[in-house]
Amino acid sequence: MADIIQLLPDHVANQIAAGEVVQRPASVVKELLENAIDAQATSITLLIKDAGKTLVQVTDNGIGMSVTDARLSFERHATSKIKAAEDLFNLHTKGFRGEALASIAAIAHVALKTKTEFAEIGTLLTVEGSKVISQDPAVVPKGTTISVKNLFYNIPARRNFLKSNPVETRHIIDEFHRVALAHPSVTFEMIHNGSDVFKLPASNSRQRIVNIFGSKTNEKLVPVNEETEILKIEGFVLKPEYGKKSRGEQFFFVNDRFIKSPYLHHAVSSAFEGLMKNGVHPGYFLFLEVDTHAIDINIHPTKTEIKFDDEHAIYAMLRATVKHSLGQFNIAPILDFERDKGFDTPYEYSKKAPTTPSIEVDSSFNPFKEKPKQANINFPFKRSSSGVERTTSWESLYVGLKDEPETDFAIGNIEFESEEVTGNLFETTETETAQLTFQLQNKYIVSPLKSGMMIIHQNLAHQRILYEELLKNITVKEAVSQQLLFPLQLHFSKPDVEIIEKIREQLEHTGFIFSQLKEETIEISGIPVLIMESHVVNLLHQLVHDIKEEVPDNGFSQNDMLAKSMAASMAIKTGVSLNKEEREHLINQLFACKEPTVSPTNKPVFTTLEVSELDKKFM
Ligand code: ADP
Ligand code: MG
């Protein structure tokens with residue numbers, strides 16, 4: 001057979017690579033702003049037209065480029081920021097992959113004007129579809145202006161895929177916020193279709209937040225401050241009453257880089273537990289500083305995901321620090337700040353190798369088949385006159401707490417002290433768990449409360465439980481597999497197998513073991529303990545479907561999406577009858593969750609009906 005392999009021409013390779021870096025005008029905004037920051041600019045202007053579809057232009061007063069550098073900057077893997085692989089773990093710049101300008105130039109009309117401080121004259125360079133069209137000397141001030149016109153002009157499919165102007169503008173503003181928040185000492189301006197959208201003078205972090213989000217924000221901010229050997233945390237959380245139903249102002253920066261991290265989000269949310277109503281998310285602006293050697297940024301082309309060496313410790317510190325701030329500023333005067341061991345843990349980490357928290361999974365648990373072992377979970381503690389008092393289990397929410405006066409019960413007032421679920425979670429203790437629960441329409445679990453009753457949606461509750469478990473497994477990478485006696489052979493279309501290949505690693509973290517992935521066949525020799533063999537096919541089909549449907553870059557990472565999709569497939573469905581133990585087990589597990597109140601898709605998991613509301617019906 002004749003040889004058939006060819007090297008792709010550069011412009012094609014660049015177009016392919018561009019797909020990873022540039023999804024929409026906002027991606028261009030991010031890359032250009034970051035380049036300006038890396039060039040030590042103190043003043044940056046972003047100008048856009050038609051939501052960036054016609055023009056994205058960034059002007060900075062940074063160090064500029066020499067003639068040769070200007071030309072080189074559009075080459076793939078051309079960067080001034082790293083020289084060797086070791087440098088990847090000592091990064092102090094936003095960029096390092098040397099592919100942003102090459103990618104952008106492959107799919108747009110680009111003009112670059114630049115001059116270094118001491119050069120007499122600058123350079124004007126134009127590039128279209130990776131081809132240099134012109135290069136001329138030009139009289140320009142120190143610094144750099146890059147304009148990107150007609151994005152995706154040569155990839156109509158991508159252009160058509162862009163959303164409406166308001167949506168694309170929203171994305172741009174999000175990126176602008178992220179960079180501007182991380183660099184308050186830099187002056188920023190944003191102009192859209194000729195009018196000023198933001199004018200942000202150089203300032204400090206608090207002023208920057210207020211300048212962006214409005215003067216009312218100032219009084220909402222609670223400062224957060226902590227420094228340990230491995231982590232420095234600064235910034236603000238919004239007081240609990242300003243939490244939002246939709247995901248609102250939630251910003252993590254690690255070494256001044258905005259990152260997305262459902263795992264750290266979890267840490268902050270859990271610090272707010274008991275302070276916020278159902279389905280409300282906390283707002284935060286948190287700036288973390290860690291040793292550059294302790295993180296890996298090079299795990300995603302857009303550099304918005306980070307791998308921490310010591311994720312557990314960071315989680316614990318973040319949670320404790322936010323909790324502490326809420327307490328100090330009297331936001332949570334009722335929280336128990338007497339030092340208990342759990343609270344201290346973070347500070348003991350400093351030089352010790354972190355121990356993996358033990359999460360014991362009851363591998364024999366199958367809600368449909370057998371009697372589950374009863375969980376013994378420290379969930380809500382009710383406030384008594386003497387302070388905060390923990391009760392051993394959720395049952396205490398229920399009827400018959402003798403010495404408690406008839407206080408009004410609102411779910412938002414419960415103190416959800418979130419314990420890391422460890423140790424004896426699945427140990428049987430024969431306490432009197434004979435609580436009244438019953439099932440309504442094989443859909444809801446109803447249970448009396450001290451002040452009325454609670455109605456839990458069984459499917460959504462189970463989704464929440466599985467979602468947290470899966471997300472943890474994926475991020476913490478410690479799932480348990482059950483080996484199959486006979487490997488499962490499944491057939492998928494070729495593109496679907498490719499999709500599975502892409503998420504293979506994450507799936508393996510949930511407990512899947514793939515013995516083969518090729519062409520149109522998948523062979524599985526192990527599956528997560530949480531799932532039944534007969535459900536695997538459906539689950540994978542659903543997953544592939546969800547990934548295809550996924551809007552790219554919709555705020556949270558792929559791990560989150562994966563956990564959501566799997567949880568939805570695996571959860572106990574409506575119509576399934578549950579016996580007493582199963583109902584109780586589900587409730588116990590639900591309230592051991594970090595966010596028991598909402599499903600992964602943001603629906604309420606349970607509701608309560610107060611006696612007072614009932615009374616009204618009989619008037
Ligand atoms: P990276 O930022 O990963 O190095 P880019 O493709 O974004 O890669 O940029 C390539 C190079 O061009 C940078 O390393 C830098 O030397 C130079 N460059 C890009 N933008 C600017 C700018 N605004 N000012 C000065 N130099 C720049
Ligand atoms: Mg860059």
Side-chain angles (χ1 to χ4, degrees), residues 10-11 13-15 17-23 26-47 56-85 87-108 110-119 122-127 130 132 135 138 140-148 151 175-176 178-179 182-183 186-189 255-258 292 296-304:
D10 265 359
H11 70 277
N14 280 339
Q15 249 189 42
E20 298 218 302
V21 182
V22 185
Q23 279 131 24
S27 327
V28 175
V29 169
K30 170 183 190 288
E31 295 298 338
L32 296 186
L33 290 178
E34 291 190 346
N35 278 346
I37 293 286
D38 285 344
Q40 299 150 39
T42 55
S43 174
I44 300 175
T45 303
L46 166 67
L47 196 145
V56 173
Q57 177 179 302
V58 171
T59 300
D60 68 57
N61 62 353
I63 58 172
M65 286 180 258
S66 68
V67 185
T68 326
D69 282 353
R71 183 80 178 231
L72 259 181
S73 68
F74 290 101
E75 294 296 322
R76 203 139 52 98
H77 310 306
T79 179
S80 55
K81 300 169 195 174
I82 60 171
K83 293 197 166 66
D87 300 343
L88 284 173
F89 296 94
N90 189 20
L91 285 172
H92 298 278
T93 51
K94 298 278 172 300
F96 56 87
R97 298 169 59 111
E99 58 190 6
L101 290 187
S103 296
I104 294 167
I107 50 173
V110 180
L112 162 74
K113 277 192 282 188
T114 188
K115 189 178 91 71
T116 56
E117 186 167 5
F118 300 111
T123 306
L124 169 61
L125 193 83
T126 53
V127 187
S130 300
V132 176
Q135 177 167 1
V140 289
K142 174 204 167 204
T144 303
T145 295
I146 299 186
S147 24
V148 177
L151 189 66
E175 294 296 353
F176 179 80
R178 291 166 184 175
V179 180
H183 300 278
V186 175
T187 304
F188 282 91
E189 185 173 4
N255 298 352
D256 294 336
R257 181 191 305 276
F258 171 83
T292 52
D296 187 356
I297 302 161
N298 193 26
I299 57 171
H300 196 272
T302 60
K303 300 163 286 187
T304 44

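Note that ligands are numbered from 1 as they come in the structure, with each ligand's atoms numbered from 1 the same way.
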The test is side chain to side chain contact (heavy atoms under 4.5 Å, CB included); show your working for D69 and S80 and say whether it passes. CA-CA 9 Å; D69 282 353; S80 55; over 6 Å; no
With a 4.5 Å cut-off on side-chain heavy atoms, are K81 and N35 touching? yes
Just wondering, do V132 and R71 contact through their side chains at under 4.5 Å, heavy atoms? yes
Donor-acceptor under 3.5 Å (T114 side chain, G143 main chain): yes
R257 side chain to T93 main-chain N or O, any donor-acceptor pair under 3.5 Å? yes
Can you see whether T59 engages T145 through a side-chain donor-acceptor pair at a distance of less than 3.5 angstrom? yes
Using a 4.0 Å cut-off on heavy atoms, what residues surround ligand 1? Order them by chain and number. N35, A39, D60, G64, M65, S73, A78, T79, S80, K81, G95, F96, R97, G98, E99, A100, L101, T144
Is it true that some N/O/S atom of T79, main chain or side chain, lies under 2.8 Å from the Mg ion (ligand 2)? no
